[in-house]
Colleague: 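One structure, pasted below without further comment.
Only this structure's heavy atoms are used, side chains among them; waters, hydrogens and symmetry mates stay out.
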Amino acid sequence: MSADPANVLLLGDDRLRARSAEIEYFDDPPLARGLDVLAATLEDFRRRHGFGRAIAAPQIGLPIRAIAVNLGRGTFFVINPVVTWRSLDTFTMWDDCMSFPDRLVRLRRHESVSLEYADREGKPNDWRELTRPESELLQHEIDHLDGILAVDRALGSESIVRRDRFVAQHEQYAALVDYTIY
């Protein structure tokens, strides 16, 4: 059953700052509807903006620990994620967010993380030593579940830029970080 997409909450909405609750009952019909809306919102955003690999439930006003992810092979869910390991190595990057799509933020992330999480049906999963693109993405989304936004991790006053400026001066901005997804 397909769902209509929700509006993505924007920077400044207090709901983005709340820690989300763990999901306990996976056979709950309202949960299933919420996950359908979350997936529909991710796909709608990707169509309209040309980017977006994941979205956390709080970004559509659902205060639950759920993330919809699409790495190019369809959408799947990461529910109640727990980071079980973080690499000592870190890197800097320009991060973007559906909740402030006109800005990018320079920040630092762990090179790799490992997770334990449940899928949509509640089945436990391990995702070990994620690649850099997966790692930075899941760190970003798990931050959302904890009420933390990328702007909170900015590496200084010059570390938040408008997307149009970033695109126009891409080489200059790319030289300031270890990794770029653009």
Colleague: Are the side chain of Q139 and the backbone N or O of H110 linked by a donor-acceptor pair below 3.5 Å?
Modeller: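 Such a contact is found between Q139 side chain and H110 backbone.
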
Colleague: Do the side chains of V161 and L155 join up, straight or via other hydrophobic residues, at under 4.5 Å, putting them in one cluster?
Modeller: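 V161 and L155: separate clusters.
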
Colleague: Got a donor-acceptor contact below 3.5 angstrom from the S87 side chain to the E111 backbone?
Modeller: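 Side chain of S87 to backbone of E111: a pair is present.
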
Colleague: Do NZ/NE/NH1/NH2 and the carboxylate oxygens of D178 and R109 come within less than 4.0 Å?
Modeller: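 Between R109 and D178 there is no salt bridge, as every charged N stays at least 4.0 Å from the carboxylate O atoms.
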
Colleague: Determine the minimum heavy-atom distance between V37 and A6, stating which atoms define it.
Modeller: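 Reported closest heavy-atom pair: CG1-CB, 3.7 Å.
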
Colleague: Side chains of L176 and W94, heavy atoms from C-beta outward: is any pair under 4.5 Å?
Modeller: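 L176 vs W94: side chains touch.
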
Colleague: Does a sphere of radius 6.0 Å around CD in Q172 hold more than 12 heavy atoms from other residues, nucleotides or ligands, not counting ones at 6.0 Å or beyond?
Modeller: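 Yes - once you tally the heavy atoms of other residues, nucleotides and ligands closer than 6.0 Å, there are more than 12.
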
Colleague: Heavy atoms, side chains only, cut-off 4.5 Å: are R17 and L149 in contact?
Modeller: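 Yes, side chains in contact.
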
Colleague: Does a side-chain heavy-atom distance below 4.5 Å link P101 with L10?
Modeller: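 Answer yes - side chains close enough.
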
Colleague: To the nearest 0.5 Å, what is the distance between CG on D119 and CD1 on I79?
Modeller: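 Those atoms lie 7.0 Å apart.
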
Colleague: Could you give the distance from CG (L88) to OG (S112), rounded to the nearest 0.5 Å?
Modeller: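 Those atoms lie 11.0 Å apart.
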
Colleague: Please report the C-alpha distance between F100 and V151 in whole Å, then the side-chain angles of each, then the deciding distance to 0.1 Å, and finally whether the side-chain contact (heavy atoms from CB on, under 4.5 Å) criterion is met.
Modeller: CA-CA 9 Å; F100 42 92; V151 293; 3.9 Å; yes

Colleague: Using the test side-chain hydrogen bond (donor to acceptor under 3.5 Å, both in side chains), find all partners of E136 that sit at least two apart in sequence or belong to another chain.
Modeller: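 Checked E136 against side-chain hydrogen bond (donor to acceptor under 3.5 Å, both in side chains); matches are R53.
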
Colleague: Supply the atom-to-atom distance R103 CZ to R165 CZ, rounded to the nearest 0.5 angstrom.
Modeller: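 CZ of R165 is found 10.5 Å from CZ of R103.
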
Colleague: Is a side-chain N or O of T75 found less than 3.5 angstrom from the main chain of A68, in a donor-acceptor match?
Modeller: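 Not a single qualifying donor-acceptor pair exists.
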
Colleague: Side-chain contact, heavy-atom cut-off 4.5 Å: F26 with L35?
Modeller: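 No, every pair of side-chain atoms sits at 4.5 Å or beyond.
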
Colleague: Around atom CG of D4, are there more than 12 heavy atoms of other residues, nucleotides or ligands at under 6.0 Å?
Modeller: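 At most 12 heavy atoms, drawn from other residues, nucleotides or ligands, come within 6.0 Å of this atom.
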
Colleague: Just so I know, are the side chains of R128 and E116 near enough to count as touching, which here means a heavy-atom distance under 4.5 Å?
Modeller: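 With C-beta onward as the side chain, the pair touches.
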
Colleague: For the atom pair CD1 (I181) and CZ (R132), what is the distance rounded to the nearest 0.5 Å?
Modeller: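 The CZ atom of R132 is 12.0 Å from CD1 of I181, to the nearest 0.5 Å.
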
Colleague: Would you confirm whether D27, through its side chain, and Y25, through its main-chain N or O, come within 3.5 Å as a donor-acceptor pair?
Modeller: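 Side chain of D27 to backbone of Y25: no pair is present.
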
Colleague: Linking directly or through intermediates, with side-chain heavy atoms under 4.5 Å: list the remaining ILVMFWY members grouped with V69, chain and number order.
Modeller: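 Direct or chained contacts put V69 with I67, L71, F76, V78, V83, V113, L115, Y117, W127, L130, L137, L138, I142, L145.
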
Colleague: Report yes or no: is the cationic atom of R163 (NZ for Lys, CZ for Arg) under 6.0 Å from the centre of the six-membered ring of F51, at an angle within 45° of the ring normal?
Modeller: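 Pair R163/F51 counts as cation-pi.
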
Colleague: State the CD1-CG distance between I64 and L62, to the nearest 0.5 angstrom.
Modeller: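 It comes to 5.0 Å.
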
Colleague: Please report the closest heavy-atom contact between P58 and H144, naming both atoms and the distance.
Modeller: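 Taking every non-hydrogen atom into account, CG-O, 3.8 Å.
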
Colleague: Can you tell me how far OG of S159 sits from CZ of R153, rounded to the nearest 0.5 angstrom?
Modeller: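 Spacing of CZ (R153) from OG (S159) equals 14.0 Å.
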
Colleague: Spell out, as yes or no, whether a donor-acceptor pair under 3.5 Å connects the side chain of D146 to the backbone of I148.
Modeller: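 No: the side chain of D146 does not pair with the backbone of I148.
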
Colleague: Give the minimum heavy-atom separation between A40 and P5, together with the two atoms involved.
Modeller: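 Looking at all heavy atoms of both residues, the shortest contact is O-CB, 3.8 Å.
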
Colleague: How far apart are the closest heavy atoms of D152 and G147, and which atoms are they?
Modeller: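 Closest heavy-atom pair between D152 and G147: OD2-O, 4.3 Å.
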
Colleague: Of the options L38, N7, L16, which is the one that meets Q59 in a side chain to side chain contact (heavy atoms under 4.5 Å, CB included)?
Modeller: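 Among the candidates, only L16 passes.
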
Colleague: Is a donor on one side and an acceptor on the other found under 3.5 Å between the side chain of S99 and the backbone of L11?
Modeller: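 Flag not set: sc S99 to bb L11 has no pair under 3.5 Å.
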
Colleague: Under 3.5 Å, side chain of R33 to main-chain N/O of A3, donor-acceptor pair present?
Modeller: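 Flag not set: sc R33 to bb A3 has no pair under 3.5 Å.
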
Colleague: For the residue pair E141 and A54, what are the closest heavy atoms and their distance?
Modeller: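 So the two residues come closest at OE2-O, 3.3 Å.
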
Colleague: Can you tell me if D95 uses its side chain to pair, donor with acceptor, with the backbone of V105 under 3.5 Å?
Modeller: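 Judged by distance alone, no pair lies under 3.5 Å.
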
Colleague: Just to verify, what does R106 make a salt bridge (Lys or Arg N to Asp or Glu O under 4.0 Å) with, not counting sequence neighbours?
Modeller: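 For R106, no residue satisfies salt bridge (Lys or Arg N to Asp or Glu O under 4.0 Å) once neighbours in sequence are set aside.
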
